[in-house]
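Okay, so here's the structure we're looking at.
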Amino acid sequence: MGRTLTFKIFRYNPTKLNDKPHVEAYRLEEIPRLNVFTALNMIREQQAPDLMFDFVCRAGICGSCAMVINGRPTLACRTLTADLPETIELFPLPFFKLLGDLSVDTGVWFREMGERLESWVHNHKEFDPQAIEERMDNETAIKIYNSERCIECGCCIAGCATAQVYPDFIGAAGLNRIGRFLFDPRDERGDQEWFELVSTDEGIFGCIGMMACDDVCPKDLPLLEVFAYIRRKVSGIAIKK
Amino acid sequence: MRIINSDVLVIGAGLAGERTAIACAKRGLDVTILSLVPPRRSHSSAAQGGMQAALANTVMGEGDTPTVHWLDTVKGSDWGCDQEVARIFADNAPIAMREMAHFGVPWNRVKGGKQQVFIKGKKAEIEEDFANEGLITSRAFGGTAKWRTCYTADGTGHTVLYTMDNMVLQLGIPVHDRMEALRLIHKDNRCIGAIVRSLRDGEIMAYIAKATVIATGGYGRIYGESTNAVINEGTGSWLALQTGVVPLGNMEAVQVHPTGIVPTDILITEGCRGDGGLLLDVDEYRFMPDYEPEKMELASRDVVSRRMKEHMLKGKGVQSAYGEHLWLDLRQLGEHHLTTKLREVYDICMYFIGVNPITELVPVRPTQHYSMGGIRVNKDGQAYNMEGLFALGEVACWDMHGFNRLGGNSLAETVVAGMVVGKQVAAFANKAELNVEVTLAEEAADLERKKMDRLMNGDGQENVYALRDEIGRILTKYVHIFRTGEGLQTAVNELKIIVDRTKNVKVRTSAPGMNPELSIALRIEGMAKQAYVIAKGALDRTESRGAHSREDYPARDDKNWLNRTLVRWAEGEPDPVFDYEPVGLLDLPPGDRGYGGGHMIDMDISVDEYNKQVDPGQTTNGRLQPAEPTGTKLPKEAWRAKLEGKE
């Protein structure tokens, strides 16, 4: 304790005439259990009233606050300064549209990804309010849940080499989303539909297997397992053809 | 000024707002949703534990019915709820859970055969019926007679919100995110939309609609120390209060959750205690059975929070650099349970406070969590005194929670109210005609522009963050678990001064765009005024009911206070106006909750006499006529058959 921290923060307000991207430094006395959420709010309230960043739940659940902290994409709310050196560099996530300073537009990207992948259960049955629910075994429910846990923070996309050079790549978050529906017996999409959706360079074949996504995913999603499943599924369909 | 027209404008993209939007879009209406944040970041996503619905699939839910659920809810509310609304909720909850399963929620399911569980804190074995294998299962929660809470591990809000938002995608409903509604556009008690500020570039726009729906969640952040997300600053309830004609109901009914972690105030789900977690004191002694021999750790939240505070006042708290706390002991649940069914809790403990719940005790204390009060609406979700305005979810006082909400009932409320109220919104919008009065919108926008100009260029001296901190400090100190006349009077006096000081806020930056300081400065008047009405409502209510616990008036007073507080505050007026109305039809007569202790002052009129006052008492206060008369959804004395084993 007793450290004086220096936060070097990327600053740029695109709505401000003639503003240029630059880095500004702010000094802050470290307090016990300080995390980057609290630190950024202290900096904004005491030193930089125009500083833009995004937090919502501040509990590692909502996925709003991903940023690059000392070179690594991660959730700011659950990053403790005690785990970092005295100089802390904060940059917005690359790849996503910059809204200002540390705030990026992950929301619109994920929405478009969801539309592209038709991220909903494709099921032609009408809901019958009088009927009991269709059965599902608990293991299947847990398998779906394990992929459904993605919080759309964007760390995997920011850390992905393919996405940086090939912006149409759906990335780990997109592939994981496909996995979530592939695992779901309620989804009636057939082999052909899955094949067209995923057996492309924007899909599973865009992945070159460096797996930075797996390193940086703050929710420890089973990405390796999901990608392997999708590859097997696609190869299986191809062989049948 | 840009004007965006739709049939239905939904403000808030959490579960309640999105379910309403879906109900309207499915009925052919053109819907626009506004949200402060991308919809999947809404605070619904942080709900962990689950949703109550009487499905009775698990052996521990055997014999459960909507009537039993309703009984638990009415008792939980300390008879402060509208019993008909609680009935509408309990009857529809099973349908809503099954519908969410149909939409895609991966609910945890019943596994047949013998299972190891915890009952009242002790290891036990139950045997699930193989006939129910694969149906939606449930866990125990506080204040319930049965295991009734449906869940997906401890990420229930997340999965239900993601599924709901998938439906919004499928239906192609536009969501305009990073948008904040600042003011309703209304005239002659008819609402036609809202003035909205973009949090991307600061643009001011008008959204015009036949029906406007507020679903913005609670006002927990006004307390400063809260489990709530940082966006829960009461922006939606402020929209209603600001009209001067729409009342807020029971604002003093504020829930303090037993287990926020220390420090950071992040919520640890009630599911932890439901699954077998225990509360321990400084001596690592399990104290709850001494206070509540029947329900133990699983009494209602108001009662558990009070017992914890009581125990700490006896010197049994644990002292720490972050203040006094108690322990939550999850060790007996074991590694597998904690890293699967309570995985988010495990992550929160590990990442935020460096505590491993598999081997260590978790520091917890009662923390502000939920707003039972809010925009007062009738059973169809229509705001009092304002045609074309609806509200639902935490922002509303519908009012199924009365003075204490049961765990698992609010997340379920969002989707049930979305179904029920959504249908009424659609019916209204399908019939309604709308003359777009551009001048009215311009006038409303001008008021906000003037306010912004004053905040940016006025000669005020006040710092908005300092005022926000003051408000939180006052509420947390005086309007919390235990309240006294003296403390509340102090709070009222101090908050009155703060309300005045908000007029002199000066924003320190002229940065264009979203300007974060301007954004909070635009909210501070609403936060201060709501804090004031919370404290004043609590001061005037000289009884103890549910979460409102007065040391100087410890009895629940059904003779004088079996009513709902209503408050209106016209713009420019120095003081708000308080009124009271009957809580609604009584079917289950007021009685003992079965936990919590305390005594009661009985009603001095009969239930029939009370019930005769309901319609006139509510109509006088501006209740609009619902589609069906009062009482149609409240089967008379259905509970009697249940209690006598005939249902």
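Below, chains carry the letters A, B, ... as their sequence lines are ordered, and counting in each starts from 1.
A donor atom on one side chain and an acceptor atom on the other are found under 3.5 Å apart for B/N166 and A/S119. B/R41 and A/T106 are linked by a side-chain donor-acceptor pair at a separation below 3.5 angstrom, with hydrogens and angles left out of the test.
Look at A/R58 and B/D265 and you find no salt bridge, because none of the NZ, NE, NH1 or NH2 atoms lies under 4.0 Å from a carboxylate O. Between B/R508 and A/E45 there is no salt bridge, since no side-chain nitrogen of the basic residue lies less than 4.0 Å from a carboxylate oxygen of the acidic one. We find that A/D105 and B/R200 are joined by a salt bridge, their nearest charged nitrogen and carboxylate oxygen being less than 4.0 Å apart.
Heavy atoms closer than 4.5 Å to chain A are found in the side chain of B/E344, but not in its backbone. Only the side chain of B/Y162 comes within contact range of chain A, with heavy atoms under 4.5 Å apart. Residue A/I132 touches chain B through both its backbone and its side chain, counting heavy-atom pairs closer than 4.5 Å. With a 4.5 Å cut-off on non-hydrogen atoms, B/V105 touches chain A through its backbone but not through its side chain. Both the backbone and the side chain of A/R149 have a heavy atom closer than 4.5 Å to some heavy atom of chain B. Proximity to chain A is absent for every atom of B/N92, based on heavy atoms less than 4.5 angstrom apart. Proximity to chain A is absent for every atom of B/S44, based on heavy atoms less than 4.5 angstrom apart. With a threshold of 4.5 angstrom between heavy atoms, A/E139 approaches chain B through side-chain atoms but not through N, CA, C or O. Interface remark: B/P94 contributes no atoms to any contact with chain A (heavy atom separation under 4.5 Å). Both the backbone and the side chain of A/I151 have a heavy atom closer than 4.5 Å to some heavy atom of chain B. In this structure, the portions of A/K219 lying under 4.5 Å from any heavy atom of chain B include both its backbone and its side chain. Looking at A/C150, the atoms closer than 4.5 Å to chain B (heavy atoms on both sides) all sit in the backbone: N, CA, C or O. Neither the backbone nor the side chain of A/F53 comes within less than 4.5 Å of any heavy atom in chain B. Heavy atoms closer than 4.5 Å to chain A are found in the side chain of B/D347, but not in its backbone. With a 4.5 Å cut-off on non-hydrogen atoms, A/S103 touches chain B through its side chain but not through its backbone. A/D50 touches chain B through backbone and side chain together, each having a heavy atom under 4.5 Å away. Contacts between A/A48 and chain B at a heavy-atom distance below 4.5 Å are absent for every atom of the residue. Contact of B/N108 with chain A is made through backbone and side chain together, with heavy-atom distances under 4.5 Å.
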How far apart are the C-alpha atoms of A/R111 and B/V168, what are their side-chain angles, what is the distance that settles it, and do they pass the side-chain contact (heavy atoms from CB on, under 4.5 Å) test?
CA-CA 10 Å; A/R111 197 155 191 83; B/V168 167; 3.4 Å; yes
Assess whether side-chain contact (heavy atoms from CB on, under 4.5 Å) is satisfied between B/Y465 and A/R44, documenting all intermediate values.
CA-CA 10 Å; B/Y465 296 113; A/R44 176 151 86 188; 3.9 Å; yes
Assess the residue pair B/W107 and A/E133 against the criterion (side-chain contact (heavy atoms from CB on, under 4.5 Å)); give the C-alpha distance rounded to whole Å, side-chain angles, the decisive distance to 0.1 Å, and a yes or no.
CA-CA 11 Å; B/W107 295 116; A/E133 63 273 23; over 6 Å; no
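For A/R33 (side chain) and B/I353 (main-chain N/O), a donor-acceptor pair under 3.5 Å exists by modelled atom type. In this structure a side-chain-to-backbone donor-acceptor pair under 3.5 Å is present from A/N13 to B/P512. Side chain of A/N138 to main chain of B/R109: a donor-acceptor pair is present (N/O by atom type, distance under 3.5 Å, no hydrogens or angles). No donor-acceptor distance shorter than 3.5 angstrom exists from the side chain of B/H102 to the backbone of A/D128, with no hydrogens or angles considered. Counting only distance, with no hydrogens or angles, the side chain of A/R186 and the backbone of B/G104 share a donor-acceptor pair below 3.5 Å.
Applying the salt bridge (charged side-chain N to carboxylate O under 4.0 Å, His left out) rule to pairs touching residues 118-127 of chain A yields A/K125-A/E134, sequence neighbours excluded. The ring pair (Phe, Tyr, Trp, His ring centres under 6.0 Å) analysis of residues 135-154 of chain A, with sequence neighbours excluded, yields no pairs.
With respect to chain A, the highest number of heavy-atom pairs below 4.5 Å among B/A229, B/P106, B/G513 belongs to B/P106. For the options B/V175, B/L267, B/V110, heavy-atom pairs under 4.5 Å to chain A are most numerous at B/V175. Contact tally against chain B (heavy-atom pairs below 4.5 Å) for A/L99, A/N146, A/T140: the top residue is A/L99. Between chain A and the residues B/E133, B/M514, B/H43, the most heavy-atom pairs under 4.5 angstrom are made by B/E133. Taking A/V121, A/I61, A/V56, A/I142 one by one and counting their heavy-atom pairs under 4.5 Å with chain B, the maximum is reached by A/V56. Note: B/I136 leads B/V37, B/I136, B/I348 in heavy-atom pairs under 4.5 Å with chain A. With chain A as partner, the option from B/V464, B/T264, B/N463, B/L135 having the largest number of non-hydrogen pairs under 4.5 angstrom is B/L135. The residue among A/P14, A/G114, A/C57, A/C77 with the most heavy atom pairs within less than 4.5 Å of chain B is A/C77.
For A/R135, the CZ atom sits in a packed shell: over 12 heavy atoms of surrounding residues, nucleotides or ligands are nearer than 6.0 Å. Applying the 6.0 Å contact sphere to NE2 of A/H22 captures more than 12 heavy atoms from other residues, nucleotides or ligands. More than 12 heavy atoms of other residues, nucleotides or ligands lie within 6.0 Å of NZ in B/K506, so this atom counts as buried by the packing criterion.
Among residues 34-41 of chain A, the residues having any heavy atom closer than 4.5 Å to a heavy atom of chain B are, in sequence order, A/N35, A/F37.
Every side chain to side chain contact (heavy atoms under 4.5 Å, CB included) that B/K26 has, sequence neighbours left out, goes to B/I22, B/F103, B/M167, B/L171.
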